[in-house]
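Each ligand, and each atom within it, is numbered from 1 in the order the structure gives.
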Amino acid sequence: MAASGIPQGLAVLTGAGISADSGVPTFRGEHGLWRNFHPQELATLAAFCRDPALVWEWYEWRRGLIGDCQPNAAHRTLVKMEGAIPQFTLITQNVDGLHRLAGSQRVVELHGNIWQVRCMQEGTVTERRDHPLPEIPPRCECGALLRPDVVWFGESLPPDTLQAAFDAAQSCQVMLVVGTSGVVEPAASLPRIAKGCGARVVEVNVEATPISRYADETILGLASIELPRLWTRWQALP
Ligand code: BJW
């Protein structure tokens, strides 16, 4: 499919790179979180069960960082796209909540949200924006431990959320992939699924990724610069 103007059906997959220009650390790479912290020690249920206070301290540190961050021009461009494109789905792997803060209405949060907690006993999910939390690890009114409502390695993604993402990937005309290393499944498969269903795949990233091998277009650069540019280009084309 040749490059053309505003697509009528757009699915967007975002990763940590879109929030990097807001000051939120990415996971991988030179300055990524996993350079200093080990996923198996912090982002698994086993790690949480072993030492909930340690895991919560890491999340509290991140909540503090993220709480000071604001959406950037890339988040805001996606709000404009949502307002202009009839079939638009924003799928994010990010837990930072910056898409909603920017004004995006329909956001499929594949890996949960760092501002929500889940009771380990009852499974109830509640919003907790207070920082710092009064007790570490925090507890539910029922007395059970609360955990961050995020998806750790080895855990299944919420089925409805995953289905919404697959549906969007299978039905979109264009899939725009922004700021993800494309190594964490099942999110990493979404652009390939879209491509297999005939969609054009456009990637924005500061470096090439495994997705670049089959993307129709890879735009190398900062998301906060390149996404507004791409939107201007799409608007100018017939
Ligand atoms: C910029 C930029 C700028 C920087 N502008 N760009 C199939 C094969 C092999 C393994 C598996 C498989 N299926 C499942 C697995 C296991 C596992 C997995 O994928 N492992 C691989 C890593 C090997 N997946 C799971 O366990 C998932 N569960 C699952 O599938 O359940 C069923 C099952 C289980 C087990 C076996 C089989 C099936 C769950 C995955 C949960 C991921 N959770 C985390 C933590 C969330 C909570 C938290 O935040 O603490 O999610 S891990 C972390 O990685 C986080 C992210 O959402 C995710 C993706 O990272 P992302 O967003 O791509 O960030 P980075 O840092 O990797 O990349 C940033 C990118 O931005 C880079 O490319 C930069 O270049 C770029 N960039 N600045 C533009 N300014």
Using distance alone, decide if ligand 1 has a nitrogen or oxygen within less than 3.5 Å of any nitrogen or oxygen in [X].
| X | value |
| --- | --- |
| V204 | no |
| T209 | no |
| R62 | yes |
| H111 | yes |
| L157 | no |
| A43 | no |
| W58 | no |
| V150 | no |
| S181 | yes |

Under 4.0 Å from a heavy atom of [X]: which atoms of ligand 1 are those, numbered in the order shown and with their elements?
| X | value |
| --- | --- |
| E207 | 75 (O) |
| S156 | 31 (O) |
| E155 | 27 (C), 28 (N), 29 (C), 31 (O), 39 (C) |
| G179 | 6 (N), 69 (C), 70 (C), 71 (O) |
| A16 | 61 (P), 62 (O), 64 (O) |
| G15 | 62 (O) |
| D21 | 80 (N) |
| P186 | 30 (O) |

- Plane angle bin for W58 and W34 - parallel if under 30°, tilted between 30 and 60°, otherwise perpendicular: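 It falls in the parallel class, under 30°.
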
Structural part of [X] in contact with ligand 1, heavy atom criterion under 4.0 angstrom:
| X | result |
| --- | --- |
| L222 | both |
| Y59 | side chain |
| V183 | backbone |

Among protein heavy atoms, which lies nearest [atom], and at what distance?
| atom | result |
| --- | --- |
| atom 19 (O) of ligand 1 | E185 N, 2.7 Å |
| atom 63 (O) of ligand 1 | T180 OG1, 2.6 Å |
| atom 78 (N) of ligand 1 | A20 CB, 3.6 Å |
| atom 35 (C) of ligand 1 | G154 CA, 4.1 Å |
| atom 59 (C) of ligand 1 | Q93 OE1, 3.3 Å |
| atom 74 (C) of ligand 1 | N205 OD1, 3.4 Å |
| atom 60 (O) of ligand 1 | R28 NH1, 3.1 Å |
| atom 2 (C) of ligand 1 | G17 O, 3.5 Å |

- Does D96 pair with R62 as a salt bridge, N-O distance under 4.0 Å?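 So D96 does not pair with R62 through a salt bridge.
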
Scan side-chain atoms only and decide if [X] and [Y] contain a donor-acceptor pair under the 3.5 Å cut-off.
| X | Y | result |
| --- | --- | --- |
| T92 | H111 | no |
| T180 | Q93 | yes |
| T209 | E203 | yes |
| H99 | T14 | yes |

Looking at [Y], is [X] sitting on its ring face, NZ or CZ under 6.0 Å from the six-membered ring centre and within 45 degrees of the normal?
| X | Y | result |
| --- | --- | --- |
| R147 | W152 | yes |
| R233 | W231 | no |
| R106 | F88 | no |

- Note on the structure: Distance col, row I193:CD1 vs S171:OG, nearest 0.5 angstrom, shows 11.5 Å

- Query: What is the distance from atom CD of Q121 to atom SG of C142, rounded to the nearest 0.5 Å?
  - Reply: 6.0 Å

- Item | Shortest non-hydrogen separation from C172 to A199 and the atoms involved | O-CB, 3.5 Å

- Closest non-hydrogen contact found for S22 with C69 is O-SG, 3.2 Å

- Shortest heavy-atom approach to atom 52 (S) of ligand 1 - which of F37, F153, W152, F27: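 Among F37, F153, W152, F27, the closest heavy atom to atom 52 (S) of ligand 1 belongs to F153.
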
- Query: Nearest non-hydrogen atom to atom 44 (C) of ligand 1 belongs to which of V151, V184, T44?
  - Reply: V151

For [atom], state whether the nearest protein heavy atom is under 4.0 Å away.
| atom | answer |
| --- | --- |
| atom 69 (C) of ligand 1 | yes |
| atom 16 (C) of ligand 1 | no |
| atom 9 (C) of ligand 1 | no |
| atom 33 (C) of ligand 1 | no |
| atom 37 (C) of ligand 1 | no |

- Message: salt bridge (Lys or Arg N to Asp or Glu O under 4.0 Å), that's the test. Do E127 and R129 meet it? Break it down for me.
- Response: CA-CA 6 Å; E127 191 174 273; R129 289 206 161 255; 3.7 Å; yes

- G32 near ligand 1 by a heavy-atom separation under 4.0 Å: no

- With a 4.0 Å cut-off on heavy atoms, does E226 reach ligand 1? no

- Message: Tell me which one of L78, L227, T77, V202 satisfies side chain to side chain contact (heavy atoms under 4.5 Å, CB included) with V178.
- Response: L227

- Of L222, I225, L176, V177, the residue whose pairing with V204 passes side chain to side chain contact (heavy atoms under 4.5 Å, CB included): L176

- Could you walk me through whether S224 and D21 pass side chain to side chain donor-acceptor pair (under 3.5 Å), step by step? CA-CA 7 Å; S224 60; D21 295 341; 2.6 Å; yes

- Assess whether salt bridge (Lys or Arg N to Asp or Glu O under 4.0 Å) is satisfied between E41 and R50, documenting all intermediate values. CA-CA 9 Å; E41 286 167 23; R50 198 164 49 234; over 6 Å; no

- Message: Please determine whether the number of non-hydrogen atoms from other residues, nucleotides or ligands lying under 6.0 Å from atom CD of E141 exceeds 12.
- Response: no

- Query: For the side chain of N205 and the backbone of A208, is there at least one donor-acceptor N/O pair under 3.5 Å apart?
  - Reply: no

- How about P186 and L162: do any of their side-chain heavy atoms sit closer than 4.5 Å? yes

